[in-house]
2 protein chains.
Amino acid sequence: MNILEKISQSQSAFSKSERKVAEVILANPQTAIHSSIATLAKMSNVSEPTVNRFCRRLDTKGFPDFKLHLAQSLANGTPYVNRHVEESDGPEEYTKKIFESTMASLEVARQSLDINVINRVVDLLTQAQKISFFGLGASASVAHDALNKFFRFNVPVIYFDDILMQRMSCMNSSEEDVVVLISHTGRTKSLVEIAQIARGNDATVIGITSKDSPLARECSLVVSLDVPEDTDMYMPMASRIAQLTLIDVLATGFTLRRGTKFRENLKRVKDTLRESRYDKKPAT
Amino acid sequence: MNILEKISQSQSAFSKSERKVAEVILANPQTAIHSSIATLAKMSNVSEPTVNRFCRRLDTKGFPDFKLHLAQSLANGTPYVNRHVEESDGPEEYTKKIFESTMASLEVARQSLDINVINRVVDLLTQAQKISFFGLGASASVAHDALNKFFRFNVPVIYFDDILMQRMSCMNSSEEDVVVLISHTGRTKSLVEIAQIARGNDATVIGITSKDSPLARECSLVVSLDVPEDTDMYMPMASRIAQLTLIDVLATGFTLRRGTKFRENLKRVKDTLRESRYDKKPAT
DNA sequence: CGTTAAGTTGTAATTTTACTACATATAATG
DNA sequence: CATTATATGTAGTAAAATTACAACTTAACG
């Protein structure tokens, strides 16, 4: 957790002199990280050991360690903190908070990923005869995006956001097919049923969902993405971004596995779009 | 500038021993910031002053100062900003790189945003009789996602990924309607045409696109998102994520503007989904 | 090929910085 | 008001970083 926030929140746990130190640091943290314990003590009108004790109270090993933490908090303003949007926030605040918490969630998501599973999934995708991406609600747009990416690879790829179409498609799947099911909660009934149908036809079912969910249990392979979601908003936000980034990773893995020639092919696909676009200004 | 990058780039300016130090630090920067100059010297098999000289060569005041810079580089989770995926990268590397460059792009996007414009857009959206989200290709899934979000707000909201449907929809638009057009490049012909049609019917046209683009010129209001895109991949990746996060911001602004009562309404929408889902395990 | 100069690295001493143990002061409780 | 607990500071100690200088290595030149 961000140590600057910690300082302002722990105010009550501090003693009188420690609070003086806290004030000085919060007032000008940039100066604090470039000061020695002696100068900081003088600035706060307390003794050096008091500063040291202050550091310890914040669960750091000592003053130098504290400075490191502080420096990290200051690195990019105060980035990657999972602060929640509040009723009183203006446009500036909520924009900042949403961007920052999205970034924080991506970091958490990245750390929760199992690289071996990613590698296996890329393996399966490259070997697939046909790839299907299915999701519902917010995850539908993720599946939609996956379609857009994999479509460029010139592989048979399918996407539906209609349950019945999804079902029918899975009924017709076979051993060489890969079905990717996307769901943040992993508790959407119809998706779980679809997993069962696909598995019944010996298709490989890959789940992009949270682990230990009903959907996860029905999949051949699960890429678990554990992302903290701000439930106050009643909308999926961070989970969706993490899923999309994962799609990027899988698509990238796919192209790398296919080699250089394949990449040239991608360029051709992109170039085809040129006709539908206005030219770029020459002098830009 | 990020000191980790600086280290890897300055390799040529280092002496033999200094390079040893650089290697050790790059191999495990997390350990480096928690070591003293003595232990770091031992790890690199050089003397303490050499480590000190190494720090000075990187324009830091000394070892402690160097550690602060290093800590800051490691803090934001994007130590190697904007590095491109390479042919030789394994799953571990490209996963890391994609997540990190996505985070870096979000940071850039956030800084390029004009808060006043955001505020105006939220204004317009809350006052709209009908909201339409249109995009093509990769931006179609962004529009799709926007539909999913704004649909929950119980406002008339429209989404099509079919050009003709988009056109027809715009032909029927009127003064109270808001049309949101999403395009990274802003040079997709049919979207520009749609903007003109909508404007011709006095609808408010909001563009989520790059500034100074043909599309931007046709819009009543433009939220410009300047995101660096890794063109090596021939796929839109970061731009899409930034657009989605912007949608989150707009949706959040919308709900905040509508007040607490409205938020309760959102909760009801979410609760309705419960029937379609398996219960959460009680003991979790 | 040897001599010299420039640059590199290490050793040891010095200085600075942080920490510990203990003493004193202040506040809290019965 | 006495007693205990808590908070703060002083002085000494340990550790860390820096400096000055010496030894070594490499490159340059006659």
Side-chain angles (χ1 to χ4, degrees), chain A residues 3 6-74, chain B residues 3 6-74:
Chain A
I3 199 138
K6 202 170 179 178
I7 294 173
S8 39
Q9 281 173 23
S10 317
Q11 294 279 358
S12 57
F14 292 145
S15 74
K16 198 163 40 175
S17 310
E18 284 170 347
R19 216 162 303 153
K20 282 195 234 171
V21 181
E23 256 176 61
V24 171
I25 291 172
L26 288 176
N28 207 338
Q30 204 61 47
T31 314
I33 59 170
H34 292 113
S35 311
S36 72
I37 195 167
T39 52
L40 197 63
K42 218 172 276 175
M43 283 196 285
S44 323
N45 282 315
V46 297
S47 69
E48 301 185 20
T50 301
V51 176
N52 195 279
R53 283 187 279 261
F54 168 84
C55 299
R56 293 245 162 85
R57 197 173 295 281
L58 293 157
D59 298 318
T60 60
K61 287 183 186 171
F63 183 69
D65 188 42
F66 168 78
K67 279 211 287 192
L68 287 175
H69 282 263
L70 191 58
Q72 298 200 323
S73 299
L74 261 50
Chain B
I3 198 139
K6 204 169 179 179
I7 295 174
S8 40
Q9 280 173 23
S10 318
Q11 293 278 359
S12 56
F14 293 146
S15 72
K16 200 164 40 176
S17 309
E18 285 170 348
R19 216 161 303 153
K20 282 196 232 169
V21 180
E23 257 178 60
V24 171
I25 291 172
L26 288 175
N28 207 337
Q30 204 61 48
T31 314
I33 59 170
H34 292 113
S35 311
S36 72
I37 196 168
T39 51
L40 196 62
K42 218 172 275 175
M43 284 197 284
S44 322
N45 281 316
V46 297
S47 70
E48 301 184 21
T50 300
V51 176
N52 197 278
R53 282 187 281 260
F54 168 84
C55 300
R56 292 245 163 85
R57 196 174 294 281
L58 292 157
D59 299 317
T60 60
K61 289 184 185 170
F63 183 71
D65 189 42
F66 167 78
K67 281 210 287 190
L68 287 175
H69 282 263
L70 191 58
Q72 297 200 323
S73 298
L74 293 170

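Chain naming here is simple, since letters A, B, ... match the order of the sequence lines and numbering starts at 1 in each.
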May I ask you to verify if any side-chain N or O of A:Arg56 is less than 4.0 angstrom from the OP1 or OP2 atom of C:dA18?
-> no
Separation of atom CZ in A:Phe63 from atom P in C:dT20, rounded to whole Å | 15 Å
Could you walk me through whether A:Phe54 and A:Phe66 pass the side-chain contact (heavy atoms from CB on, under 4.5 Å) test, one step at a time?
-> CA-CA 9 Å; A:Phe54 168 84; A:Phe66 168 78; 3.8 Å; yes
Examine C:dT26: is either OP1 or OP2 under 4.0 Å from a nitrogen or oxygen in the side chain of A:Lys16? Give yes or no.
-> no
Rounded to whole angstrom units, what separation is found between the CZ atom of B:Phe66 and the C1' atom of D:dA16?
-> 16 Å
Starting at CD of B:Glu48 and ending at C1' of D:dA16, how long is that distance when rounded to a whole Å?
-> 8 Å
Closest to the 5' end of DNA chain D, once A:Ser17 and B:Lys67 are matched to their nearest nucleotides, is A:Ser17
Looking at the side chain of B:Ser36, which of D:dG9, C:dA12, D:dA16 is the nearest nucleotide?
-> D:dA16
5' priority, DNA chain D, between B:Arg53 and B:Lys61 [closest heavy atom] | B:Lys61
Carefully, step by step, assess B:Glu23 and B:Ser44 under the rule side-chain contact (heavy atoms from CB on, under 4.5 Å).
-> CA-CA 8 Å; B:Glu23 257 178 60; B:Ser44 322; over 6 Å; no
When you get a sec, tell me which of D:dG9, C:dT9, D:dT19 is the closest nucleotide to the side chain of A:Pro49?
-> D:dG9
Between CG of B:Asn52 and P of C:dT8 the distance, given in whole Å, is 16 Å
D:dT19, C:dT8, C:dT11: which one has an atom nearest the side-chain heavy atoms of B:Ser15?
-> C:dT8
Let me know the distance between CD of B:Glu18 and P of C:dG7, rounded to the nearest Å.
-> 13 Å
Between A:Glu18 and A:Val46, is a side-chain contact (heavy atoms from CB on, under 4.5 Å) present by the stated rule, with each step listed?
-> CA-CA 8 Å; A:Glu18 284 170 347; A:Val46 297; over 6 Å; no
If only side-chain N and O atoms of B:Thr50 are considered, is one of them under 4.0 Å from the OP1 or OP2 phosphate oxygen of C:dG10?
-> yes
B:Thr50 side chain near B:Lys20 side chain, heavy-atom distance below 4.5 Å | no
Atom-to-atom span, NZ of A:Lys42 to P of C:dT17 - whole angstrom | 10 Å
